[in-house]
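These numbers were taken from a predicted model, which means no experiment stands behind them. By convention here, the first residue in the shown sequence is residue 1.
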Amino acid sequence: MSSAIMEKVNVTVAQARLSELIEQAARGEEVVILRGDGASFRIVPVVEVKPRPRFGSARGRIVMADDFDAPLEDFDAYAP
């Protein structure tokens with residue numbers, strides 16, 4: 001995600017303004033934190049990916065009774 005607005009701050013400033021920097025990143029602005037040794041770190045929002053069920057993932061977890069499709073006694077009065 002590239003944005004026209006980029007803010008670079010050192011670690012000390014980032015500690016004092018963390019909530020504000022997180023809000024900026026949530027709006028799509030690029031926020032980079034610079035460490036004293038020259039390393040840099042980007043704050044980015046994490047997009048949650050919802051898991052999709054996989055075909056066959058419930059195999060062995062569902063058991064169907066042998067008489068599953070047998071007529072129910074409660075409905076004998078309604079049977080032809």
Side-chain angles (χ1 to χ4, degrees):
M1 172 194 314
S2 180
S3 178
I5 301 172
M6 181 192 314
E7 182 164 1
K8 293 182 180 182
V9 295
N10 68 36
V11 174
T12 307
V13 173
Q15 287 173 332
R17 296 179 48 211
L18 185 58
S19 294
E20 177 188 340
L21 297 173
I22 288 172
E23 286 304 315
Q24 284 180 244
R27 289 192 303 265
E29 299 174 26
E30 187 169 357
V31 177
V32 177
I33 298 175
L34 306 170
R35 196 164 62 184
D37 64 0
S40 60
F41 305 89
R42 183 176 301 137
I43 299 177
V44 295
V46 176
V47 179
E48 183 177 334
V49 177
K50 294 183 180 180
R52 291 182 48 189
R54 291 179 303 154
F55 181 76
S57 63
R59 182 175 289 139
R61 294 181 175 190
I62 299 172
V63 179
M64 193 171 296
D66 292 333
D67 64 346
F68 170 76
D69 58 351
L72 298 172
E73 292 175 13
D74 295 347
F75 292 98
D76 283 344
Y78 304 103

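Grouping the Ile, Leu, Val, Met, Phe, Trp and Tyr side chains by contacts below 4.5 angstrom, directly or via other members, places V13 with V11. Both L34 and M6 sit in one connected hydrophobic cluster of ILVMFWY residues. Membership requires side-chain heavy atoms under 4.5 Å apart, directly or through other members.
Rounding to the nearest 0.5 Å gives a distance of 9.0 Å between CG of D67 and CG of L72. Of the inter-residue distances, the one linking K8 atom NZ with E30 atom CD reads 8.5 Å to the nearest 0.5 angstrom. Atom CD1 of I33 and atom CZ of R17 lie 10.0 Å apart (nearest 0.5 Å).
For Q15, the side-chain hydrogen bond (donor to acceptor under 3.5 Å, both in side chains) test picks out no residue, with sequence neighbours left out. When the side-chain hydrogen bond (donor to acceptor under 3.5 Å, both in side chains) test is applied to R27, the partners found at least two apart in sequence or on another chain are E29.
Counting non-hydrogen atoms of other residues, nucleotides and ligands closer than 6.0 Å to CG of D37 gives a total above 12.
Nearest heavy atom pair, residue L21 against residue A14, reads CD1-CA, 3.7 Å. Summarising the geometry of V31 relative to A25, their closest heavy-atom pair is CG2-N, 4.1 Å, with the distance given to 0.1 Å.
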